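Here is the structure we will look at, set down as structure tokens.
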Amino acid sequence: MDTKTFDAVVIGAGPGGYVAAIRLAQLGKKTALVEKESLGGVCLNWGCIPSKALIAVANLVDEMRGAADRGIIADQPRIDVEKLRAFKNEVVKKLVGGVGTLEKGNGVEVLRGAGRFVAPNAIEVKGEKGEWRVEAPAFIVATGARTIQIPGFEFDGKDVWSAREAVDLPEIPKHLVVIGGGIIGLELGSTYARLGSKVTVVEALPQLLTGIDPEAVRVVQKNLRQREVAVHVSAKAKGLDRGKDGLAVRIEVDGKEQAIPCDKVLVAVGMRPDASGLGLDAVGVKIGPKGFVEVNERYQTSVPSIYCVGDLSGPPLLAHKASKEGEIAAEAIAGKKSVRDWVAMPAAIFTEPEVASVGLSEEEARKAGYEPVVGKFGFGALGRAIAIDHTDGFVKVVGDKGSGLLLGATIVGPEASDLIAEAALALEMGAYLEDVALTVHAHPTLPEALMEACKAALGEAIHALNR
Amino acid sequence: MDTKTFDAVVIGAGPGGYVAAIRLAQLGKKTALVEKESLGGVCLNWGCIPSKALIAVANLVDEMRGAADRGIIADQPRIDVEKLRAFKNEVVKKLVGGVGTLEKGNGVEVLRGAGRFVAPNAIEVKGEKGEWRVEAPAFIVATGARTIQIPGFEFDGKDVWSAREAVDLPEIPKHLVVIGGGIIGLELGSTYARLGSKVTVVEALPQLLTGIDPEAVRVVQKNLRQREVAVHVSAKAKGLDRGKDGLAVRIEVDGKEQAIPCDKVLVAVGMRPDASGLGLDAVGVKIGPKGFVEVNERYQTSVPSIYCVGDLSGPPLLAHKASKEGEIAAEAIAGKKSVRDWVAMPAAIFTEPEVASVGLSEEEARKAGYEPVVGKFGFGALGRAIAIDHTDGFVKVVGDKGSGLLLGATIVGPEASDLIAEAALALEMGAYLEDVALTVHAHPTLPEALMEACKAALGEAIHALNR
Amino acid sequence: AEGRGGAAHRALAAPAVRALARQLGVDLQSVPGTGPGGRVTKDDVSAARDGVDGRPAAAARPA
Ligand SMILES: Cc1cc2nc3c(=O)[nH]c(=O)nc-3n(C[C@H](O)[C@H](O)[C@H](O)COP(=O)(O)OP(=O)(O)OC[C@H]3O[C@@H](n4cnc5c(N)ncnc54)[C@H](O)[C@@H]3O)c2cc1C
Ligand SMILES: Cc1cc2nc3c(=O)[nH]c(=O)nc-3n(C[C@H](O)[C@H](O)[C@H](O)COP(=O)(O)OP(=O)(O)OC[C@H]3O[C@@H](n4cnc5c(N)ncnc54)[C@H](O)[C@@H]3O)c2cc1C
């Protein structure tokens, strides 16, 4: 087995690892990036990116269906599944290729194969094209998470899909049951609904999108209802019956069982960290009770030469969190004083309408010792939203009554995923409600709603009556 | 003639005036709002809002035409002009009604009629429903601007349209000649082109969208070329021939004349301030050489009881500038210490793709004594842009090399009008390039491009190679 | 949740200022903020560093 030596080695080429490798190389480190499947990880290959390509098409189909109200004459659209899949694959190919180009351009050596620690300063990489012992004074582990299975609904790629199959769009089922009303379940469920499936969502908890402002969730739920997606909350998925007429998902709600006939099941109940097969235990890396690797503020594990970032280092399981951590770990290895010090970690959910949030909710603010003041502004009163015919939703901001400090924002509505960026910057800058309220916002644009919500929190909304 | 007395009176109910009136009432002033036509002014009735309603439909039509590439099977869309106009009217009605409700809810008395100063503390209002003498210790004039006519192309509402007629969508001409390649000309010209007209743009200056970063303009120009809009720059519109087969616009380029046959002409060469019939001269209000009323930093004119805001108080002629000024003048009248102190006045252009800018350009920065450093990031390398299939354009930021201070941004590409808000906030907060670069941006979203452009300016782009 | 560390309100400082403070080994909590609303500026951090060891810090100053 050949031995290769680097200044730093990154294992896993998802948004945590591939970014870390680029940053290490930028900072002058001779870097290797080890990947056993495809560059880009979950995010580029079957997560963030392809799901959003499908969602954008579902959005367009939706707009086309409603186009007649705005004076556009056209047939009801239909889906060419092969072509849509080809488009999605093209998007993935472009971005995965881009990552390869970036690694190469920055001088990162990509090693294809599965990495496994044999010592704190050495891994073995086994790939189809070779096997190497790879030594370095510093490693970053970024091997991500895997989808959770539930008993009775084992993924078979045929009847029972994981997000991975669902994102690949094998077909548009007549009736799809989605187990799990979290982010991935609702993003994909509502996509299939718009592409033409009848969709039923089964959620164990009493609310969809747990953790998100219930008022925002209601806006999404109203939309699901309008497109006749059936939603069962506080519902337990008990088992799957395979009859000769098709499938039936047995669920239990309020102690009563019922069967939902369907032709496909998507299980999207979450992801869990994936440290298996890495040999981390053997070299002494501490793993927490939930399976996440324990790290300090520089993303260093209990073994000083080994860092860990991304889904494997703990929640939230988000691509931009992984990338940010990858940058910090890379900079720490390169001797910079970078640490985890962010104030704002935004989250975006690509349902219809989109939901995004950052910072503290009203309740979190209260718990943190603030006296929260809330300002809200509905898109129904916003010129731009009315002009583009997307008026469902609102911007809600939370501030501290005494100081006027901005503490957080929740946005549900058109382009919420983009609009949250301004709120995140405001939090990082230590902005007051007044700072956003006094900043001129171009007219007519959607971010005016954030400005108005801040004004509302101050009792000075212009385009809404202040009570 | 009845006399009415108020604490403050606003003349003109566009975005400058109607906002000023609301703010005055909020601050406890007994306020009247005088309007001779329709609440909302140019902006709501035939400017910002209805144009954006049409543009959103044109965008959708465009998306529908390209939908087949993404696996959507549908007919080529056609336009039902009556229905589209009805939708646009509905949008306007909703917002104009909203302004009425807001004025009423805040206790503002709306007086219908044309106002004219008879003394520094009194106007006469003549309307269909009555005539009043209206007295107050403070007035805000917000009567806006009117479209400029050019000789030989007098507006007749039939052959020669102003923006007002064009926005009303009387029909979709076979061939529309647009005189003026500025914001309004290109927004409306490209809208008609997407709705089905053959469009020719005639611009007197050597560049379209004068004042905008030429590199951004090239992106818009490429799009116009793709949809076969003919563009003549450095071209003088000499006259209009009315033959029995239709119209022909005579233009002169490089000393050579040519005739462009067409069936409608849209003249969009700009707006000029409109102080006529207000009696401002008579009471001693100073008006500058270009027709704009002279104001101080509180928007007070040379007559202390008379304030002036919006298009009439000077460029840029933008709705949000008018509203901001309305707020400042109202607060000044109410005894607050508000003054014009903004750092960032964003501008958004709703072409395809959109263009938006804020702060200093590279050249302006150099003139202002900075040593500018530029960072650029193309949407072609951004996951979200690729997923939604809108990859034309870029974000360009300008910073100060020595201090790293952010000085300005230009964005051309998807949702540019919304994305500029984060840059505007950054400027108001006195952000450094590093502040935006270090702020976590949700993935996959469009504002990541702003973050990457700031990283690029620092030589630390992740998703582009740093030269 | 992410946040400003609750009622033990942390110093208000933008990301670039925090990075500079780390670079110079200055504890932000001990720096009085002179920016709008009590925000800590780069100058504040540099001044705090000068106070510590008397050496002028190589900090960028806004124009
Ligand atoms: C359907 C779906 C949609 C999503 N949408 C979003 C979204 O819109 N926004 C968002 O922020 N997040 C989204 N996520 C979550 C996001 O994909 C993850 O948070 C992100 O991919 C985590 O990045 P990572 O770098 O930690 O690891 P991953 O992306 O999981 O990458 C890990 C990589 O490590 C490789 N690997 C594993 N073990 C080894 C080994 N031993 N040797 C070598 N290589 C190894 C794997 O092959 C993989 O390529 C979505 C997830 C899913 C499933
Ligand atoms: C087609 C078009 C598109 C545009 N798009 C945008 C855009 O997207 N974004 C943007 O920021 N700007 C846009 N603008 C510019 C924007 O409309 C103006 O900047 C804005 O309306 C100016 O507001 P204002 O309050 O100064 O006056 P106006 O909106 O012009 O309102 C003036 C009001 O005063 C009334 N008035 C006049 N004289 C009297 C009198 N003597 N007594 C009583 N009432 C009187 C008028 O009837 C009118 O209602 C656009 C303009 C046009 C034409």
Side-chain angles (χ1 to χ4, degrees), chain A residues 211-213 297-298 315-316 318 321 324 327-328 331-332 335-347 357-372 398-400 402-410 423-436 438, chain C:
Chain A
I212 301 296
D213 182 333
E297 60 174 8
R298 286 189 305 280
L318 292 172
K321 183 223 145 210
K324 182 67 176 179
E327 290 180 66
I328 295 171
E331 290 170 4
K336 293 206 158 212
K337 297 202 170 156
S338 304
V339 297
R340 169 178 47 213
D341 79 332
W342 63 67
V343 176
M345 179 55 66
S357 65
V358 68
L360 304 182
S361 68
E362 190 178 353
E363 205 182 301
E364 288 166 340
R366 195 168 290 115
K367 276 191 196 140
Y370 295 102
E371 191 188 339
V398 179
D400 179 42
S403 63
L405 205 62
L406 177 70
L407 299 173
T410 297
L425 182 74
L427 289 176
E428 287 291 348
M429 298 301 296
Y432 295 85
L433 290 164
E434 218 181 345
D435 286 316
V436 181
L438 289 176
Chain C
E2 314 301 333
R4 286 188 164 77
H9 299 189
R10 57 187 267 184
L12 278 189
V17 176
R18 303 197 302 260
L20 179 67
R22 279 197 305 274
Q23 198 61 41
L24 299 180
V26 168
D27 173 18
L28 270 181
Q29 296 298 338
S30 67
V31 181
T34 66
R39 276 189 286 264
V40 180
T41 66
K42 284 193 179 186
D43 282 351
D44 295 337
V45 171
S46 304
R49 155 70 179 260
D50 292 350
V52 170
D53 62 8
R55 274 193 302 128
R61 250 164 243 273

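Not measured: the values here are computed from a predicted model. Per chain, numbering begins at 1; letters A, B, ... match sequence-line order. Quick note: numbers below take in every heavy atom, side chains included, and nothing from hydrogens, waters or symmetry partners.
- A distance of 4.5 Å separates CG of A/D435 from CZ of C/R39, quoted to the nearest 0.5 Å.
- What you find for C/Q23 and A/K337 is that their closest heavy atoms are O-NZ, 3.5 Å.
- Remark: A/E434 CD is loosely packed, at most 12 non-hydrogen atoms of other residues, nucleotides or ligands lying under 6.0 Å away.
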Exercise. Please report the C-alpha distance between A/D341 and C/R22 in whole Å, then the side-chain angles of each, then the deciding distance to 0.1 Å, and finally whether the side chain to side chain contact (heavy atoms under 4.5 Å, CB included) criterion is met.
Key: CA-CA 11 Å; A/D341 79 332; C/R22 279 197 305 274; 2.9 Å; yes
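- Ranked by non-hydrogen atom pairs under 4.5 Å with chain A, the options C/P15, C/P36, C/A16, C/G38 are led by C/P15.
- Here the shortest heavy-atom pairing between C/R18 and A/W342 reads NH2-CA, 4.1 Å.
- When heavy atoms are compared at a cutoff of 4.5 Å, A/V358 does not approach chain C at all.
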